[in-house]
Each structure stands twice: as C-alpha cells, then as structure tokens.
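Please read the structure below before turning to the comments.
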Amino acid sequence: MRISIYKIQALGNGEEAEISLEISNGKESQYIKGKVSASMFSSLRLPSFLKEPILIEREQCEEILRSMKLYSAIRKGLDLLGYAKNTPKALTEKLKKKGYSSEIAEEAVSFLVEKGYIRETEDAAQFAENLAKKKGYGKKRIQQELFRKGFSEEVIRKALEFGEFDFSEACAKRIRSMGGTEIFETPEKRNKAVASLLRYGFSYEDIREASFLLRDEE
C-alpha cells in the first residue's frame, strides 16, 4: 500500500490546516481530505508547505486520520453547545450519535471541558435555581431532575452548595399556594398534603419548618 500526502494548506490565518491524502493499493486510490488544529498539526511533525507529494507510513497516516476525526468532533461539539448547554455526558452521547467513536467523543468533550466551553457546576447551579424559583421544587426533586439531565452526583452536590436555596421558605410558598395551613387541619388532609409536598422534593424537616413559618405569620 502506498500512502502519500499531496497537499497541505493553512486555513484561518494559521489556526488550522487542511491535509490531503492519497491511499493507493496499486489498482485503486482513495483520496481523503480533512482539517486539524494548528496545535495538532504541530504534533504531527509535517512540513508546513509541500512542493511535491511525500510518502508516509501507515502509522503516521493513522495518526493524521485520528487527528482529523478528533478535530471534527471538537468542532461538532462546539456547534452543539452553540444551540444549547450540555453536560459532558449528554454531549458525548450526541457526538456518538453523530457517528464518532466513544473514544473520540470522550476525548473531544474532555478538551471542551478543559478549555472552559462546558462549565458543568455553574450550569447545574443555574438549572437548580430555575427549578427552585420557577417550579417551586425542593432539594430532592431538584437532585432528581439534575441527575436526569446527566449531571454527576459530585456536580449536583457542588451546584447545590454553590447556589443559595431556602427550601423551608420555598416549601412555605408551596403550602400557601395549596391553601395555607388549612391543608393540615385533619389527618386525611395532612397526609394528602404531605405526600404532595414530598413529591415536590421537600423533606419532612422542610415541611415542619415551613409550618412554623406560616404559623408565625398568622
């Protein structure tokens, strides 16, 4: 098998390079063209300009093709982040659905996290605050929703520590919307109300403290 690079072209003021390959078995030729970043190009140890095609070994060809695929995955990841925020887990799955291997998808996402394109804890904290303020959810429900979104347990813990939440007051607000302390007047009403508040993610402690807050208001 004969493998050659027949063209190298700098693009984007040197921010990336396009490499053109020819892979021939003597009877048929396959032509492959792809882009890599400037830093990737540097690590490939290739000349910046070609006067004529150069022959390369299979190992170097595989390294070039892998760099092309990784750079493509990084660019696709940036495109997807431009449409909506994604957790590393969610973005990895989306890249895999686009046809990238698990290894390439994971490496591309790791690069995007390292460069600050994905701020997972901050995104989780913002999402948690929206759930608390707009949905009126308690801590447990917020944890469930964040986990469902693909955030890890460690990130969820940090996000809830990072944000400012008063779940007792949030629970009191929810009780007010349900009819106030009257919802606890009878054992039957109390059981029904408590079950509803638990589904919203409030703890028994939240419900107890919220009840005290409401009684002080009366």
Side-chain angles (χ1 to χ4, degrees), residues 73-74 76-98 102 105-218:
I74 290 171
K76 177 57 68 175
L78 286 171
D79 287 343
L80 293 171
L81 289 172
Y83 286 108
K85 292 180 179 180
N86 283 267
T87 65
K89 180 180 178 181
L91 187 58
T92 299
E93 290 303 313
K94 288 181 180 180
L95 288 175
K96 287 164 64 176
K97 288 180 180 178
K98 293 292 183 180
S102 296
E106 289 169 6
E107 189 171 345
V109 171
S110 293
F111 174 87
L112 294 172
V113 170
E114 180 184 343
K115 296 300 181 181
Y117 290 103
I118 301 176
R119 297 180 175 87
E120 196 173 10
T121 300
E122 294 178 23
D123 291 345
Q126 183 179 7
F127 189 61
E129 288 179 5
N130 287 337
L131 290 173
K133 293 177 181 178
K134 296 181 180 181
K135 297 287 189 178
Y137 288 166
K139 184 176 181 179
K140 291 184 178 179
R141 182 68 180 273
I142 290 173
Q143 289 173 323
Q144 292 171 357
E145 293 296 321
L146 289 175
F147 189 75
R148 188 175 63 82
K149 281 285 184 179
F151 294 103
S152 67
E153 292 183 4
E154 178 65 14
V155 168
I156 294 171
R157 180 186 65 77
K158 289 181 180 179
L160 292 174
E161 291 176 355
F162 181 80
E164 296 182 4
F165 303 95
D166 187 340
F167 291 114
S168 297
E169 176 56 40
C171 185
K173 184 177 180 180
R174 174 62 59 184
I175 292 172
R176 292 189 195 100
S177 70
M178 295 168 64
T181 55
E182 293 181 4
I183 65 174
F184 300 117
E185 283 184 344
T186 66
E188 183 179 353
K189 284 185 177 181
R190 184 184 305 111
N191 291 338
K192 184 177 180 181
V194 169
S196 177
L197 292 167
L198 291 174
R199 285 195 296 273
Y200 272 96
F202 296 107
S203 66
Y204 286 106
E205 183 65 24
D206 293 332
I207 298 170
R208 184 162 45 250
E209 291 182 5
S211 299
F212 291 147
L213 288 173
L214 292 172
R215 289 195 186 100
D216 291 340
E217 293 175 359
E218 294 176 350

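Note that the structure is a prediction, hence the values are computed from the model and not measured. In this chain, residues are counted from 1 in sequence order.
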Please set out all donor-acceptor pairs under 3.5 angstrom arising from side-chain atoms of residues 183-194, sequence neighbours excluded.
from : atom 1 : to   : atom 2 : distance (Å)
T186 : OG1    : K189 : N      : 3.1
R190 : NH2    : F184 : O      : 3.3
N191 : ND2    : P187 : O      : 3.2

Under the criterion salt bridge (charged side-chain N to carboxylate O under 4.0 Å, His left out), I'd like the reasoning laid out for R157 against E161: C-alpha separation, chi angles, the key distance, then a yes or no. CA-CA 6 Å; R157 180 186 65 77; E161 291 176 355; 2.8 Å; yes

First locate atom [atom1] of [X], then atom [atom2] of [Y], and finally report the distance between them rounded to the nearest 0.5 Å.
X: L213; Y: D166; atom1: CG; atom2: CG; answer: 7.5 Å
X: S203; Y: E209; atom1: OG; atom2: CD; answer: 7.5 Å
X: K85; Y: L91; atom1: NZ; atom2: CG; answer: 14.0 Å
X: L146; Y: I156; atom1: CG; atom2: CD1; answer: 5.0 Å

Keeping D79 on the side-chain end and K76 on the backbone end, is there a donor-acceptor pair under 3.5 Å? no

Expected list for residues 130-141: side-chain donor-acceptor pairs under 3.5 angstrom, two or more places apart:
from : atom 1 : to   : atom 2 : distance (Å)
N130 : ND2    : Q126 : O      : 3.4
Y137 : OH     : R141 : NH2    : 3.2
R141 : NE     : E145 : OE2    : 3.4
R141 : NH1    : R199 : O      : 3.2

Are R174 and Y200 in a cation-pi contact, defined as NZ or CZ under 6.0 Å from the six-membered ring centre and within 45° of the axis?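 Yes.
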
Using the test side-chain hydrogen bond (donor to acceptor under 3.5 Å, both in side chains), find all partners of K158 that sit at least two apart in sequence or belong to another chain. none

E153 atom CD: more than 12 heavy-atom contacts under 6.0 Å: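 No, because the 6.0 Å sphere around CD of E153 holds 12 heavy atoms or fewer from other groups.
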
Considering residues at least two apart in sequence or located in another chain, which fulfil the salt bridge (Lys or Arg N to Asp or Glu O under 4.0 Å) criterion with K94? none

Sorted by chain and residue number, the side-chain contact (heavy atoms from CB on, under 4.5 Å) partners of A159 (sequence neighbours excluded) come out as A124, A125

Does the pair T87 and D123 meet the rule for a side chain to side chain contact (heavy atoms under 4.5 Å, CB included), with working shown? CA-CA 8 Å; T87 65; D123 291 345; over 6 Å; no

Side-chain donor-acceptor pairs under 3.5 Å in residues 114-122, sequence neighbours left out?
from : atom 1 : to   : atom 2 : distance (Å)
R119 : NH1    : G116 : O      : 3.2

